[in-house]
Amino acid sequence: MHFEDFFTDRLSSLRDDGNYRVFADLERHAGEFPKATRYRADGSKQDVTVWCSNDYLGMGQNDRVVAAMHEAIDKCGTGAGGTRNISGTNHYHVMLERELADLHGKEAALIFTSGYVSNWAALGTLASKIPGIIVYSDALNHASMIEGIRHSRCEKRIFKHNDWKDLDRLMSQDDPAAPKLVAFESVYSMDGDIAPIAEICSVAEKHNAMTYLDEVHAVGMYGPRGGGVAEREGLMDRLTVIEGTLGKAFGVMGGYITGSSNLIDFVRSFASGFIFTTALPPSLAAGATASIRHLKESRAEREMHKANVAKVRAALDARGIPHMPNPSHIVPVMVGDAKKCKWISDILLDSYGIYVQPINYPTVPVKTERLRITPTPLHTQADIDHLATALCDLWSQCALARAVA
Ligand SMILES: *Cc1c(COP(=O)(O)O)cnc(C)c1O
């Protein structure tokens, strides 16, 4: 086989379909969130406004977070120096885990190098080590959960997205004595819809199942202390495991699970993806702890964020730009064509200094290609007007359908 030809072939078919991924080469400006410098392929630079960051609240540049990270580096140096078991556990990790357990009202927490790894390792471990377990997984679950479940080689059932009746139907068909686990998310990243957590918990309780909730897009964002949708709805105690990331609203990096002391100790003791990897740098743990503490006390970021999401939706509505209605902070502007989606995104960046990455297959189904806009508390009214006007121009140029008011 000619490997090089094979790679070239596959890549050109991705390009033909409009699904080839091009990374924007950016330098974020601390203190000027969400502004960045873009380095173009020809070596020139351009000022851009970022409209697709998962640093939803700008916490990656929050003074307290930045100061905590500087201080930790000055105190402890850069890396952790080992796995958690062999010399890598730093006091900052221990403090972060206590902070997270408290955030979700659980006995214990365990941190991982990313949210992806936390899902993959925790679900992989629970599902492979509990004999005869059946895992029920929402049809739109994130790749990290799917990979963890797949890796465990357990029995699995896929229930219709957010459909607790379908979940109940599937669970009723299985042996009542079989151990069961229901894995789902609170805020789904691409459509921005929110799961009926209470109903899913009721079905799980009826069938004596554990529940595993991914609150990656909700932690820091919802609930009076930023504990997520389950906190907002008073449901945290009904979930066996709450999983989250430190890399999105908390603005740093890393992932975690929270749950009972025994469950956390079990995953700590058996998860390969936890055991055999270097611990997060102490500075990341310090920054994440500062960020969580800040968002536990301060509601200002969440309130400003909510107001800006409403302003963006209103500006799009005023111009007939179709966006998916949903109860979250994610604004999916629907294009429905991979090539047009990529084209619009390219022109927004090159001609308007607006950076929104196109979202194409396989992240979303074919014909639902979109621009996933994530407003932040720090976008100004001028930024919002500029975005809406630019989209309006491009909608006309692409002859895309308008939403009817
Ligand atoms: C981003 C994401 C993850 C992974 O979190 P990282 O910290 O980025 O690895 C997990 N679940 C969902 C739903 C996500 O969107």
Side-chain angles (χ1 to χ4, degrees), residues 84 89 92-127 129-130 135 141-142 144-145 148 181-187 195 197-198 200-201 204-205 209-250 252-271 273-275 279-280 284-296:
R84 286 293 295 277
T89 296
Y92 284 111
H93 298 126
V94 177
M95 289 195 296
L96 173 56
E97 285 172 342
R98 283 186 195 145
E99 201 63 47
L100 288 164
D102 173 76
L103 177 66
H104 296 292
K106 299 289 179 198
E107 288 172 358
L110 191 67
I111 49 176
F112 297 80
T113 44
S114 72
Y116 187 102
V117 173
S118 69
N119 274 333
W120 181 81
L123 284 170
T125 302
L126 292 170
K129 302 281 185 211
I130 301 175
V135 173
N141 272 347
H142 189 257
S144 55
M145 286 199 268
L181 183 150
V182 179
F184 63 118
E185 301 180 23
S186 58
V187 177
I197 301 174
I200 290 176
C201 285
E205 284 155 11
M210 295 196 284
T211 46
Y212 183 106
L213 179 64
D214 174 321
E215 288 249 44
V216 160
H217 292 280
V219 290
M221 307 285 294
Y222 297 88
R225 298 200 310 160
V229 179
E231 187 200 16
R232 183 184 73 185
E233 297 178 1
L235 298 169
M236 293 196 295
D237 62 330
R238 292 178 71 189
L239 292 145
T240 316
V241 177
I242 297 179
E243 181 270 349
T245 185
L246 306 169
K248 289 173 181 167
F250 291 129
V252 194
M253 191 190 178
Y256 64 89
I257 57 168
T258 61
S260 72
S261 302
N262 277 330
L263 183 144
I264 296 299
D265 205 15
F266 182 82
V267 175
R268 185 187 74 91
S269 305
F270 291 105
F274 173 80
I275 297 170
L280 286 174
L284 285 189
T289 305
S291 184
I292 295 161
R293 281 185 186 156
H294 178 85
L295 290 175
K296 273 180 181 171

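Nothing fancy with the numbering, it's 1 onward along the sequence. Every heavy atom of this structure was used, including side-chain atoms; hydrogens, water molecules and symmetry mates were not.
- Note: Leu280 CG to Phe112 CZ = 10.5 Å, rounded to the nearest 0.5 Å.
- Summarising the geometry, atom CG belonging to Leu284 is positioned 12.0 Å from atom OG belonging to Ser291; distances are rounded to the nearest 0.5 Å.
- Under the 4.5 Å side-chain criterion, counting only non-hydrogen atoms from C-beta, Val267 is not in contact with Phe274.
- Summarising the geometry of Ala195 relative to Phe184, their closest heavy-atom pair is CB-CD1, 4.0 Å, with the distance given to 0.1 Å.
- With sequence neighbours left out, the ring pair (Phe, Tyr, Trp, His ring centres under 6.0 Å) criterion links Tyr222 to His329.
- Glu99 places no side-chain N or O within 3.5 Å of a backbone atom of Ile292 that could act as its donor or acceptor partner.
- Nearest heavy-atom pair across Ala183 and Asn141 is O-ND2, 2.9 Å.
- At distances below 3.5 Å, at least one donor-acceptor pair connects side-chain atoms of Thr245 with backbone N or O atoms of Gly254.
- With sequence neighbours left out, the side-chain hydrogen bond (donor to acceptor under 3.5 Å, both in side chains) criterion links Asp214 to Asn119.
- In this view, Tyr116 satisfies the ring pair (Phe, Tyr, Trp, His ring centres under 6.0 Å) rule with no residue, not counting sequence neighbours.
- When all heavy atoms of Val135 and Ala127 are compared, the pair lying nearest together is CG2-CB, 3.8 Å.
- Shown here is Asn262, whose CG atom has no more than 12 heavy atoms of other residues, nucleotides or ligands within 6.0 Å.
- A donor-acceptor contact shorter than 3.5 Å links the side chain of Lys106 to the backbone of Leu239.
- The two residues Met253 and Thr113 have their closest heavy-atom pair at CE-O, 3.9 Å.
- Residues passing the side chain to side chain contact (heavy atoms under 4.5 Å, CB included) test with Glu231, sequence neighbours excluded: Pro224, Arg225, Met236.
- Ion pairing between Glu97 and Arg84 holds under the 4.0 Å rule for side-chain N and carboxylate O.
- For the atom pair CD1 (Ile275) and OG (Ser269), the distance works out to 7.0 Å, reported to the nearest 0.5 Å.
- Here the side chain of Ser118 pairs a donor or acceptor atom with the backbone of Gly115 at under 3.5 angstrom.
- Contact check for Met210 versus Val241: no side-chain heavy atoms found under the 4.5 Å cut-off.
- Each of Val94, Leu96, Asp102, Leu100 was evaluated against Arg98; a single residue qualifies, Val94, per the side chain to side chain contact (heavy atoms under 4.5 Å, CB included) test.
- The main-chain N or O of Ala101 is never found under 3.5 Å from a side-chain atom of Thr258 such that the two would form a donor-acceptor pair.
- Contact of the Tyr256 side chain with the Leu103 side chain is registered, since non-hydrogen atoms from C-beta on lie closer than 4.5 Å.
- Remark: Ile264 pairs with Ala108, Leu110, Ile257 by the side chain to side chain contact (heavy atoms under 4.5 Å, CB included) rule, at least two apart or across chains.
- Residues Val219 and Gly227 share a closest heavy-atom pair of CG1-O, 4.4 Å.
- Residues passing the side chain to side chain contact (heavy atoms under 4.5 Å, CB included) test with Ser186, sequence neighbours excluded: Ile197, Leu213, Glu215, Ala218, Val229.
- Contact of the Tyr92 side chain with the Thr289 side chain is not registered, since no non-hydrogen atoms from C-beta on lie closer than 4.5 Å.
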Query raised in the report: side-chain contact (heavy atoms from CB on, under 4.5 Å) between Glu185 and Val216: does it pass, once the steps are laid out?
Result: CA-CA 8 Å; Glu185 301 180 23; Val216 160; over 6 Å; no

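- Minimum heavy-atom separation, Ala198 to Arg238: O-NH2, 3.6 Å.
- Summarising the geometry, atom OG1 belonging to Thr211 is positioned 7.5 Å from atom CD belonging to Glu205; distances are rounded to the nearest 0.5 Å.
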